[in-house]
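Written below as structure tokens is the structure these notes are about.
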Amino acid sequence: MSEISKAYEPQSVEDRWYDFWLKHHCFTADPKSSKPAYSIVIPPPNVTGVLTMGHVLNNTIQDILARKARMDGKEVLWLPGTDHAGIATQTVVERTLKKSGEIRHRDDLGREKFLERVWQWKEKHGGIIIQQLKKLGASCDWTRERFTMDPEYSKCVQRVFVDLYKKGMIYRGKRMVNWCPVSLTALSDEEVVMKEQKGTLYYFKVEIAEAPGTFLTVATTRPETIPGDTAVAVNPKDPRYAQFIGKHVVRPLPAELPREQKLIPIIGDEYVDFEFGTGVLKVTPAHDKADFEIGHRHKLAPIEVIDAAGQMNDAAGADLRGLDRFKARKVAAEKLTELGAMEKEEPYTNNVGFSERADVPIEPRLSEQWFLKYPSVEKSQAVVAKGEMKFHPDRWAKVYDHWMSGIQDWCISRQLWWGHRIPVWSKKANAGESGFGRVQTQLNVFKQNGILIHMNLYTPHAKKEGTINVLQNDPQENYFARLDVAVDPSQTEIISLLEQNGFTQDPDVLDTWFSSWLWPFATMGWPEQTETLKKFYPTTDLVTGPDIIFFWVARMIMAGFEYMGELPFKNVYFTGIIRDKQGRKMSKSLGNSPDPLDLIGKYGADALRFGTMRSAPLGQDILFDEQNVELGRNFCNKLWNACRFRQMQGGSVQEEIDPKLLTSDDKWILLKLDAAIREVNAAFAEYKFSDATAALYRFFWSEYCDWYIEASKASLSGSAVDEARKKNTLAVIDFVLSHMLRLFHPFLPFISEELWHGMGYSGDMPEKQGGQTIMFAPWPKPLDDEFKSFYALSANDEKFIETRNEFIAQGRNLRRNANLPANKKVKFILKPSGKTTANDIEVLKLLLNAEAVEANPNFQPGKNALAVRGEPGELFLPLEGLIDVEAEKTRLTKEIEKCQAEIGKVESKLNNPSFAQKVPANVLAEHKQRLMEWQDKLAHAQAALDGLKG
RNA sequence: AGGCGCUUAGCGCAGCGGUAGCGCAGCAGCUUUACACGCUGUUGGUCGGGGGUUCGAAUCCCUCAGCGCCUACCA
């Protein structure tokens, strides 16, 4: 073993081993391997993103799982990659170009030039996060890194689109969608987050045209949409208003319009809640989802008054035209007041949908979009409900089930440029044109030749091939019919035919999640039945945040069933959310989000990993505190020094252990190792990583370092070193350390590898199973019965050391009671209770920090000698007048009180007649035993107190 | 508004029917020859409130309160 420094310096170690692993292809998965498969696909981070604490948590867990699986002898594929993140990436590039003054709008560049710039941006900033993941130690198979806009991946996306189109699952429809006036695109329901907003509820009155002087009062939060109102609705069962149904009211805005153009009907609709507001609802079909449906039921043509960018249009009238919708709200309210229509304004809190990305209120807007009816819904829902796919923690299964039950069609088109362009070519025809007969005939030739091609003809009257009849009752569309042709973009012949005939490709791109939902198989070479796909699909575990359970997890399950006929993963681990010390979410604006790379630089990647895992219990949010990382650093340093200590003892490495030479301490630590292995295994089985780290922490620090190593010094460097015994102790130490390093490896990959080699433990391992790297060393097995009986390990050894340690703790206590500083060496006297070996005495001396421990079976304590009693006998600390009698009296009195309290508790139970009758025998016996123990302690303390007085 | 979760020592958590525990912080002492990124000792809690079941409740049931998350078209 090479020379080892006093403190662990991760910086000099980590890069070296990462390069080593890469150079030796340790992360590369071999689909031809005969080992059982274990696989994870990474939740692809945004290609231009940077590493956050959330990524650290998520990817550390994946790395732990992957590394553990390798040590378990699995063939592991951890498949990495990045996501093109349509809106986020496009927004960033657009903003940058605007900021530099290069463009005012993306149209200034045009689609192709703009996309060139995005690709440039991606080349420049993309992949930073990949480098950062490497710093963290992520053991991804980088040879298989994928990007959702890779050519092969894009083909998968288009193929799936065309397939679902053919199946009639994808359709085009004019619907109310969530429109983001900043990103200028439609969003799916999942991309809308509800936020509580403080606003105003405006009450205004409208006159009933047929009954002049009679008014209805309407309550609204959005007076700016009044010009878009096409009716007021009341509940037909509402006795106050039912009589007015069929009459008309005069809409107050736009003010300049003549009265007869502002007459709108009073309609009856069960949707209206007569408890709320005034029970009269204004109906704005163009700008409200519910109103749209009411409008639809009553055949009311919508009036659009807000444009795509959220500004009022001409139809909104002279007062509002050109204003931003929020400015318009105020102006509209003022106008109502001015007109004398405003009755009152009340402060009001309601929930408003915000665009997740742009963080502005979305505007419900009628527009033509592509929708997907989800495939394989029932199967996907059942697989979790039946427990064939497990969620950890499982309460998320309920959330999933609930969402799947109320699943809505997915709006998959986005009015963006960065993404997968929708592979549909279409042409509209006016009523006078001859239609599409010629093109259809030509396309049918391709179809007959088995080339993927699907058509939908949209007309006001006919339905063909699953057509959705969108043109009916749509006066805004001025064409007669449209032919949509979905075709795989690789079919260039068809596309040129289409384009020659005046067809153009749909300008929109697909929602980013429409590509991510294929991730588990599209990354593995689908639709080819590749070796990789056969070996590694379905994947074993998925690790992700619960915030994307609908965005991603649910959709992957459905895509998995639809295209692979099988679930995409067997287990889903949902991490918590990383928050700051005060429990706030990490965010850029709060500045409470530490840069993980800074932390790695300061403390090391292992420290960051360990600190994070230690504080991340399953199913709970994580409060990030740099102190945890510091603790991880301290832990690594302790591990480093524990190994350094072993190294300083010299001797040859990993000798055979001779059962005959084992001390009780040796046996004890072997049993503790066994317990630790079992605990860590149990924790892994339940994905409880914080339990695993806690067990390792306790075993290594408290049991191994604090007790075992200190005790073993008796054999290693005591007054009378027995060479054979020393050699045997070193063998035990090597045994424990070599197991421990392996247990640590998934959590602390770098330092464990460094020490594995540094200590020479790799030396006697087979090349592929630990010889080359600890990564493939076999995961420690619990000690079996054969092992235990060969080394004569028994519960008695464990019990003996445990009581001995308790005894030592009490002995150390004597010092404090006597106010003796730790550096004052004192002599203890032991009155042994049974056989006491020289080694036992030596261990006592070391652990008591004593000048000497004198064994004297006939010792008669004089006055002022402190005493404790335990397994090895009675221990005395003679003090000859140095003792602080009062302090000791206080302590003993306190102890007596404690004993009496406990005795009281147990006695009151035992004296309860029904207790003895009803309680199980073992519990009764245990209580009696407990009573005796406390009584014994009481007697002892009482005697000691009496001794002081005497 | 519904659903889920949480409430145990200053902080973060474990325990989930039979003597309230762990880590960190705090306090006191210590250059004990692996480690001050350390060692030794140690102070903190009627387990959110109330009621019930039980011989026995932090643990099971009911109820109230606070916090958090998710779902939802109440203007």
Side-chain angles (χ1 to χ4, degrees), chain A residues 4 6-8 176 194 201-202 218-222 233 271-273 275-284 288-294 348 350-351 353 364 393 395-396 398-399 402-403 406 546-547 549-550 577 579 581 583 603 607 614-615 617 619-623 625 627-628 630-649 690-691 694 697-698 701-702 705-706 709-710 713 717 809 812-813 815-817 819-825 846-849 902 905-906 909-910 912-920 922-924 926-927 930 933-934:
Chain A
I4 195 164
K6 190 170 170 181
Y8 175 54
M176 286 306 275
M194 301 306 279
L201 190 58
Y202 302 90
V218 184
T220 181
T221 53
R222 302 198 63 187
Y271 169 80
V272 180
D273 175 0
E275 306 271 306
F276 189 87
T278 58
V280 184
L281 172 70
K282 73 194 248 326
V283 180
T284 324
D288 185 280
K289 244 181 181 170
D291 289 7
F292 176 74
E293 276 155 34
I294 297 174
Y348 185 68
N350 65 340
N351 287 317
R395 65 189 148 91
W396 292 110
K398 266 188 208 167
V399 176
H402 180 255
W403 187 76
D547 48 333
I549 185 167
F550 311 133
I577 293 166
R579 300 169 177 281
K581 257 195 277 193
Y603 300 104
R614 233 179 77 86
S615 57
Q620 259 165 309
D621 286 355
I622 293 93
L623 302 193
D625 187 344
Q627 218 173 32
N628 288 323
E630 199 181 323
L631 187 136
R633 189 261 325 252
N634 296 354
F635 188 82
C636 290
N637 190 56
K638 184 86 174 171
L639 181 59
W640 183 257
N641 276 288
C643 288
R644 197 161 76 99
F645 172 75
R646 159 64 188 97
Q647 189 195 30
M648 289 166 82
Q649 305 307 317
S690 60
D691 284 11
Y697 188 98
R698 189 210 59 230
W701 203 304
S702 309
C705 291
D706 290 350
I709 282 298
E710 293 308 320
K713 286 175 181 171
S717 58
R812 285 166 171 170
N813 229 318
R815 260 182 189 284
R816 178 181 155 82
N817 297 328
N819 271 334
L820 291 177
N823 59 348
K824 176 141 176 120
K825 293 278 185 185
L846 274 164
L847 295 184
L848 286 167
N849 184 28
E902 292 299 331
K905 273 198 226 170
V906 184
K909 277 188 171 187
L910 288 169
N912 184 338
S914 51
F915 179 79
Q917 280 167 23
K918 299 193 180 179
V919 91
N922 62 326
V923 176
L924 186 65
E926 192 205 315
H927 276 74
R930 198 191 302 159
E933 279 169 13
W934 281 114

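Computed from a prediction, not measured in an experiment: that's the story for all the values here. Lettering follows sequence order; numbering is per chain, from 1.
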As a test of reading the structure: which of B/rG68, B/rA75, B/rU19 is closest to the side chain of A/Thr221, going by heavy atoms? B/rA75
Do side-chain atoms of A/Asp288 reach the backbone of A/Asp291 as a donor and acceptor pair under 3.5 angstrom? yes
Donor-acceptor pair, distance only, cut-off 3.5 Å: does the side chain of A/Asn637 make one with the backbone of A/Tyr8? yes
Roughly how many Å is it from CD in A/Glu630 to P in B/rG23, rounded to a whole number? 18 Å
Please work out whether B/rG44 sits syn or anti, treating a glycosidic angle within 90° of 0 as syn. syn
Which part of the nucleic acid does A/Arg222 contact within heavy-atom distance under 4.0 Å: base, sugar-phosphate only, or nothing? nothing
Please round to the nearest 0.5 Å and tell me the distance separating atom CG of A/Leu281 and atom CD1 of A/Ile294. 5.0 Å
Considering only heavy side-chain atoms of A/Asn637, the closest of B/rC37, B/rG18, B/rC4 is B/rC37
Provide, to the nearest angstrom, the distance between the CG atom belonging to A/Asn641 and the C1' atom belonging to B/rU33. 13 Å
Charged N to carboxylate O below 4.0 Å: is that the case for A/Glu933 and A/Arg930? no
Of all the nucleotides listed (B/rG68, B/rC70, B/rA34), which has the minimum atom distance to the side chain of A/Phe550? B/rC70
Could you check which of B/rA34, B/rC24, B/rG41 has an atom nearest any side-chain atom of A/Leu631? B/rC24
Keeping the roles fixed (side chain from A/His402, backbone from A/Lys398), state whether a donor-acceptor pair exists under 3.5 Å. no
Suppose you measure atom C1' in B/rA36 against the same atom in B/rU7; what distance do you get, rounded to whole Å? 37 Å
Taking for each residue the nucleotide of RNA chain B with the nearest heavy atom, is it A/Val280 or A/Asp547 whose nucleotide lies nearer the 5' end? A/Asp547
Contact class for A/Glu710 vs. all strands (heavy atom < 4.0 Å): base, sugar-phosphate, or nothing? base
Within the distance-only criterion (no hydrogens, no angle test), does the side chain of A/Asp621 pair as donor or acceptor with the backbone N or O of A/Arg579 below 3.5 angstrom? no
To the nearest 0.5 angstrom, please state how far the CE atom of A/Met648 sits from the CG atom of A/Asn641. 9.0 Å
Report the secondary structure of RNA chain B in dot-bracket form, marking unpaired bases with a dot and bases paired to a different strand with |, and treating Watson-Crick or G-U pairs with both distances under 3.5 Å as paired. ((((((((.[[[[.)..(..]]]].(((((.......))))).....[[[[[..)....]]]]])))))))....
For A/Asp706 and B/rU32, what is the distance between atoms CG and P respectively, to the nearest whole Å? 16 Å
Rounded to the nearest Å, what distance is computed from the CG atom of residue A/Asn922 to the P atom of nucleotide B/rU19? 12 Å
For A/Asn634 and B/rA36, what is the distance between atoms CG and P respectively, to the nearest whole Å? 11 Å
Between B/rA25 and B/rC62 - C1' atom distance, rounded Å: 38 Å
Using the C1' atom as the point on both nucleotides, what is the distance between B/rC70 and B/rA75, in whole Å? 24 Å
Look only at the side chain of A/Arg812 and the backbone of A/Leu847, and say whether a donor-acceptor pair between them is shorter than 3.5 Å. yes
Please determine if a side-chain N or O atom of A/Tyr8 lies less than 4.0 Å away from the OP1 or OP2 oxygen of B/rA34. no
Are A/Tyr697 and A/Leu631 side-chain neighbours, meaning at least one heavy-atom pair lies under 4.5 Å? yes
Is any side-chain heavy atom of A/Trp934 closer than 4.5 Å to one of A/Lys905? no
Within the structure shown, what part of the strands sits under 4.0 Å from A/Cys636 by heavy-atom distance: base, sugar-phosphate, or nothing? nothing
Between B/rA75, B/rU19, B/rA34, which nucleotide gets closest to the side-chain atoms of A/Val272? B/rA75
Rounded to whole angstrom, note down the P distance from B/rA72 over to B/rU59. 35 Å
Mind checking the P distance from B/rA58 to B/rG52? Whole angstroms is fine. 15 Å
For a quick check of understanding: with a heavy-atom distance under 4.0 Å over all strands, which category does A/Pro920 fall into, base, sugar-phosphate or nothing? base
Any side-chain N or O of A/Lys905 under 4.0 Å from OP1/OP2 of B/rA20? yes
Nearest of B/rG38, B/rG18, B/rC35 to any side-chain atom of A/Val919? B/rG18
Write down the distance separating the C1' atoms in B/rU32 and B/rA14, rounded off to the nearest Å. 34 Å
On the nucleotide B/rC30, are OP1 or OP2 found under 4.0 Å from the side-chain N or O atoms that A/Asn849 carries? no
Between the base of B/rC35 and the side chain of A/Lys638, is one N or O donor paired with an acceptor at under 3.5 angstrom? yes
To the nearest Å, give me how far apart CG (A/Leu623) and C1' (B/rC24) are. 13 Å
Applying a 4.0 Å non-hydrogen cut-off, can you work out what A/Gly279 is touching in the nucleic acid: base, sugar-phosphate, or nothing? base
Ignoring hydrogens and geometry beyond distance, is the side chain of A/Glu275 in donor-acceptor contact with the base of B/rA75 at under 3.5 Å? no
Should A/Arg395 be listed as having a side-chain N or O under 4.0 Å from OP1 or OP2 of B/rG5? no
Can you check whether A/Lys638 reaches A/Cys705 side chain to side chain, under 4.5 Å on heavy atoms? yes
From the list B/rG41, B/rG68, B/rA75, which nucleotide is the closest neighbour of the side chain of A/Arg812? B/rG41
Figure out the NZ/P separation between A/Lys398 and B/rG2, and round it to whole Å. 17 Å
Carboxylate-amine/guanidinium contact A/Glu293 A/Lys289, below 4.0 Å: no
Taking the P atom of each, how far is B/rC61 from B/rA28, in whole Å? 45 Å
List, with names and distances, any nitrogen or oxygen atoms from the protein found under 3.5 Å away from nitrogen or oxygen atoms belonging to nucleotides 72-74 of chain B.
{"unit_1": "B/rA72", "atom_1": "N6", "unit_2": "A/Asn351", "atom_2": "ND2", "d": "3.0"}
{"unit_1": "B/rA72", "atom_1": "N1", "unit_2": "A/Asn351", "atom_2": "ND2", "d": "3.3"}
{"unit_1": "B/rC73", "atom_1": "O2", "unit_2": "A/Tyr271", "atom_2": "OH", "d": "2.6"}
{"unit_1": "B/rC74", "atom_1": "O2", "unit_2": "A/Asp273", "atom_2": "OD2", "d": "3.0"}
{"unit_1": "B/rC74", "atom_1": "N3", "unit_2": "A/Asp273", "atom_2": "OD2", "d": "2.8"}

For A/Trp640 and B/rC37, what is the distance between atoms CH2 and C1' respectively, to the nearest whole Å? 14 Å
